[in-house]
Asker: 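Attaching a single structure in structure tokens format; questions to follow.
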Amino acid sequence: MDPDSHTRAAVEEHWRASERGDTEAEHAIYAEDAILDYPQSGERFRGRSTIAEQRGGHPASRHFTVHRIVGGGDLWVSECVITYDGVPSYSVSIMEFAHGQVVHETQYFADSFGAPQWRTALAEPMPGRDISKA
């Protein structure tokens, strides 16, 4: 298996493990000293065990739907919807790899929002989505 296929398979397994609640498999992708950044809150989590602990302590019921994984070499990006207690949050995960493991991940989150009236005449709905008005 070429390196990019191997990395793609690891990222896919990370998200599958996240969905099934398999904490060990979910975090196997991370280097022992990996860093996870949440720029919107300013939080940085250092180390695989800390990353796993903060995710494992989340009080909400979570589900993961991956829309797209793109990347090559040491940089991979996933677009996902993470549903917390039934409320969707759109997420972009940027994973930087070294020696086959994630050494740095930056994850951005956004809530859905309605399209403003002035833009709706120019837009069409994305597949599987409705354009709600603001």
Asker: Would you say the rings of Y90 and Y108 are close, in the sense that their centroids are separated by under 6.0 Å?
Answerer: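 Here the rings of Y90 and Y108 have centres that are no less than 6.0 Å from each other.
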Asker: With the side chain counted from C-beta on, respond yes when S89 and V81 share a heavy-atom pair under 4.5 Å apart, and no when they do not.
Answerer: no
Asker: Would you say NE2 of H58 has more than 12 non-hydrogen atoms from neighbouring residues, nucleotides or ligands within 6.0 angstrom?
Answerer: yes
Asker: Can you name the one residue among R44, R46, Q107 that meets side chain to side chain donor-acceptor pair (under 3.5 Å) with D37?
Answerer: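 The passing option is R44.
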Asker: Minimum heavy-atom separation for F109 and S91, please, with both atom names.
Answerer: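 Heavy atoms only, the tightest pair is CE2-OG, 3.9 Å.
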Asker: Does D33 reach the side chain of R48, with side-chain heavy atoms less than 4.5 Å apart?
Answerer: no
Asker: With a 4.5 Å cut-off on side-chain heavy atoms, are H14 and Y30 touching?
Answerer: yes
Asker: Keeping D85 on the side-chain end and S61 on the backbone end, is there a donor-acceptor pair under 3.5 Å?
Answerer: yes
Asker: Could you tell me whether R16 and E13 have a side-chain N and a carboxylate O separated by less than 4.0 Å?
Answerer: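 Counted as a salt bridge, because a side-chain N and a carboxylate O are separated by less than 4.0 Å.
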Asker: Just how far is it from atom CG of L36 to atom OG1 of T106, taken to the nearest 0.5 Å?
Answerer: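 Taking CG in L36 and OG1 in T106, the distance rounds to 8.0 Å.
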Asker: Could you tell me which non-hydrogen atom of R8 sits nearest to which non-hydrogen atom of V70, and how far apart they are?
Answerer: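 Closest heavy-atom pair between R8 and V70: NH2-CA, 4.3 Å.
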Asker: For the residue pair T120 and A115, what are the closest heavy atoms and their distance?
Answerer: CG2-CB, 3.8 Å
Asker: Are the aromatic ring centres of H104 and F97 under 6.0 angstrom apart?
Answerer: no
Asker: Hey, does M95 have a side-chain heavy atom less than 4.5 Å from the side chain of V11?
Answerer: yes
Asker: R20 and A25: which non-hydrogen atoms are nearest, and at how many Å?
Answerer: NH2-CB, 3.9 Å
Asker: Is there a donor in the side chain of Y38 and an acceptor in the side chain of E105, or the other way round, less than 3.5 Å apart?
Answerer: no
Asker: May I have the step-by-step check of side-chain hydrogen bond (donor to acceptor under 3.5 Å, both in side chains) for T7 and D4, ending in yes or no?
Answerer: CA-CA 5 Å; T7 303; D4 281 352; 5.2 Å; no
Asker: Is there side-chain contact between I35 and V103, with at least one heavy-atom pair below 4.5 Å?
Answerer: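 The answer is no, as the side chains (C-beta and beyond) never meet within the 4.5 Å cut-off.
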Asker: Identify the two heavy atoms, one from V77 and one from I94, that lie closest to each other, and give their separation to 0.1 Å.
Answerer: CG2-CG1, 4.3 Å
Asker: Measure the SG-CD1 distance between C80 and I69 for me, rounded to the nearest 0.5 Å.
Answerer: 7.0 Å
Asker: Got a sec: does the CD of E43 have more than 12 other heavy atoms crowding it under 6.0 Å?
Answerer: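 Yes, enclosed.
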Asker: Provide the closest heavy-atom pair for E19 versus F64 in the form atom of the first, atom of the second, distance.
Answerer: OE1-N, 2.5 Å
Asker: Just wondering, are more than 12 heavy atoms of other shown residues or ligands nearer than 6.0 Å to CD in E53?
Answerer: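 Atom CD in E53 is not crowded, with 12 or fewer foreign heavy atoms closer than 6.0 Å.
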Asker: How about CD on E24, more than 12 heavy atoms from neighbouring residues, nucleotides or ligands closer than 6.0 Å, or not?
Answerer: no
Asker: Near R68 CZ, under 6.0 Å, is it more than 12 heavy atoms from other residues, nucleotides or ligands?
Answerer: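 Not buried by this count: 12 neighbours or fewer within 6.0 Å.
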